[in-house]
2 protein chains.
Amino acid sequence: MAVPSSVSVPPTASPLFLRENEVRRGVELLFFGYTRLTRAIDEGLAEHGLGRAHHRALYFIARQPDLPISALLKILAITKQSLGRVLTDLADRGLIETQTGNIDRRQKLLRLTPEGVQFEAQLFDALRNSLASAYAAAGQESVTGFWRVLEGLIPAEDKAMVVALQKDI
Amino acid sequence: MAVPSSVSVPPTASPLFLRENEVRRGVELLFFGYTRLTRAIDEGLAEHGLGRAHHRALYFIARQPDLPISALLKILAITKQSLGRVLTDLADRGLIETQTGNIDRRQKLLRLTPEGVQFEAQLFDALRNSLASAYAAAGQESVTGFWRVLEGLIPAEDKAMVVALQKDI
DNA sequence: AAGATACGTCAATATGGCTGTCCCATCTTC
DNA sequence: GAAGATGGGACAGCCATATTGACGTATCTT
């Protein structure tokens, strides 16, 4: 245990370098927490033959109806081709629909169909169950800290995007 | 915005159902925070022609030297075949080595080579930079809350495994 | 001696990413 | 009005990472 842990901590440690234990704990909890949370929805997705990539698109379309494709591309940070496949699958299943932008007619604005709304809500229930019980166990003060640390992980150039998502709830 | 958000909140809301805003915020911050943190190491991995799957294995082997393969399988929760490929890649690059267990000679205990130790430390530096600055910006109290909420996301049956990782640091 | 366990390996498959290229419709700018 | 930029779609091919199922071998347990 000692070797890999200590080798990355220089002997003349500055405050930022005294955190190996705390950093490893954060890395591990993020890994397990994130993967376990996403697993909570796999079953619901599999019923429709969909994967997590589909859920990510569905989630953000639910969050910001009439989202142009370019905005969704920035959020997901994947290529147009990868997103195209996902959106085709969702449209084929009648979960999303598009509408030509009225300001810029080149844009296609994405929104959920009523079936999509219902399906997203069903998946969201699973996320809510997991997160709400973690929130309840930790207490409101911890939840605030949880948010603060995660906000600090988001690079400055992406922060505006995340804030925009959350400003109107 | 209103439709998909409100549809999943029943009118007769119990306390656990009054949290849609908080839950969506947590989902989004976890998504962006986790993906951005993992991106911090992609460049270092690509230099060796490795991916994130390799880093996950490398990380947990660094964390618990002489880890049997079965323990790593439980941690990563992937199949033996998937892990086998990853371990082959790491061994081919001289980053890990195995040793026959002396208690149970069927086991192969995994550990990093000196090169592996150095490489893992280099990747860990990138993680530390990201997490330490997020910790510093949020403050120690927030960090505690961050940990508490994430612990609450880990199912009871997995918790022992995570605690075991962190008990001897 | 029988069965369980730890690990390895074969073959086939699915998912979700990627690059590069080309196209069309529409908006902006000069 | 022409030129160029932008939003979006589509083709082909590739790669990384995961999956299932079946089978084999060494070793431990009973």
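The figures here come from the full heavy-atom set of this structure, side chains too, leaving out hydrogens, waters and symmetry mates. In what follows, every chain begins at residue 1, and chains take the letters A, B, ... in the order their sequences are listed.
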| request: Return yes when atom CD of A:E141 has more than 12 non-hydrogen atoms of other residues, nucleotides or ligands closer than 6.0 Å, and no otherwise. | output: no
| message | Ignoring hydrogens, what is the shortest heavy-atom contact between A:A40 and A:A126? Give both atom names and the distance. | response | O-CB, 3.5 Å
| task | Might you point out which heavy atoms bring A:T38 and A:I41 nearest each other, and give the distance in Å? | result | O-CG1, 3.1 Å
I'd like a table of donor-acceptor pairs (distance under 3.5 Å, sequence neighbours excluded) in which one partner is a side-chain atom from residues 145-158 of chain B, with atom names and distances.
| from | atom 1 | to | atom 2 | distance (Å) |
| --- | --- | --- | --- | --- |
| B:W147 | NE1 | B:Y135 | OH | 3.3 |
| B:R148 | NH1 | A:S142 | OG | 3.3 |
| B:E151 | OE2 | A:R25 | NH2 | 2.6 |
| B:D158 | OD2 | A:R36 | NE | 2.8 |
| B:D158 | OD2 | A:R36 | NH2 | 3.2 |

| note | A:L87 CG to D:dG9 P, in whole Å, measures 7 Å
| message | Five pairs per end, C1' atoms only: what is the angle between the end axes of the helix from C:dA1-D:dT30 to C:dC30-D:dG1, to 10 degrees? | response | 30°
| Roughly, in whole Å, what's the span from CG in B:D92 to C1' in C:dG8? | 15 Å
Which donor-acceptor pairs under 3.5 Å do the side chains of residues 94-105 of chain B make with protein atoms, sequence neighbours left out?
| from | atom 1 | to | atom 2 | distance (Å) |
| --- | --- | --- | --- | --- |
| B:D104 | OD1 | B:R106 | N | 2.9 |
| B:D104 | OD1 | B:R106 | NE | 3.1 |
| B:D104 | OD2 | B:R106 | NE | 3.4 |
| B:D104 | OD2 | B:R106 | NH2 | 2.7 |

| Which pair of heavy atoms, one from B:P65 and one from B:A62, lies closest together, and at what distance? | CD-O, 3.6 Å
| Can a side chain N or O of A:K108 be found less than 4.0 Å away from OP1 or OP2 on D:dG7? | no
| query | Rounding to a whole Å, what distance do you find between A:L109:CG and D:dG8:P? | reply | 8 Å
| task | Check the distance between C:dA6's P and B:Q99's CD and give it to me in whole angstrom. | result | 18 Å
| message | Output the rounded distance in Å from CG (A:L90) to P (C:dT15). | response | 14 Å
| request: Measure from CD1 on B:I69 to P on D:dT27 and round the result to the nearest Å. | output: 15 Å
| Once you round it to whole Å, what is the distance between P of C:dT19 and CG of A:L83? | 14 Å
| query | What is the minimum heavy-atom distance between B:F32 and A:I75, and which atoms define it? | reply | CE2-O, 3.6 Å
| Can a side chain N or O of B:S70 be found less than 4.0 Å away from OP1 or OP2 on C:dC7? | yes
| query | How many Å lie between CG on B:L73 and C1' on D:dT19, as a whole number? | reply | 14 Å
| query | Is there a side-chain contact between B:V86 and B:R56 (heavy atoms, below 4.5 Å)? | reply | no
| field | Pairs touching residues 108-117 of chain B that satisfy salt bridge (Lys or Arg N to Asp or Glu O under 4.0 Å), sequence neighbours left out | value | B:D66-B:R111
| request: Take nucleotides 21-30 of chain C nucleotide by nucleotide from the 5' end and write B, S or -, depending on whether a protein heavy atom sits under 4.0 Å from the base, only from the sugar-phosphate, or from neither. | output: B---BBS---
| query | Between B:G49 and B:R93, what is the shortest heavy-atom contact and its length? | reply | O-NH2, 3.7 Å
| Heavy-atom count around B:K159 NZ within 6.0 Å, excluding the residue itself: above 12? | yes
Would you tabulate the nitrogen or oxygen pairs shorter than 3.5 Å linking the protein to nucleotides 14-18 of chain D?
| from | atom 1 | to | atom 2 | distance (Å) |
| --- | --- | --- | --- | --- |
| D:dT17 | OP1 | B:R52 | N | 3.2 |
| D:dA18 | OP1 | B:R56 | NH2 | 2.5 |
| D:dA18 | N7 | B:R85 | NH2 | 2.9 |

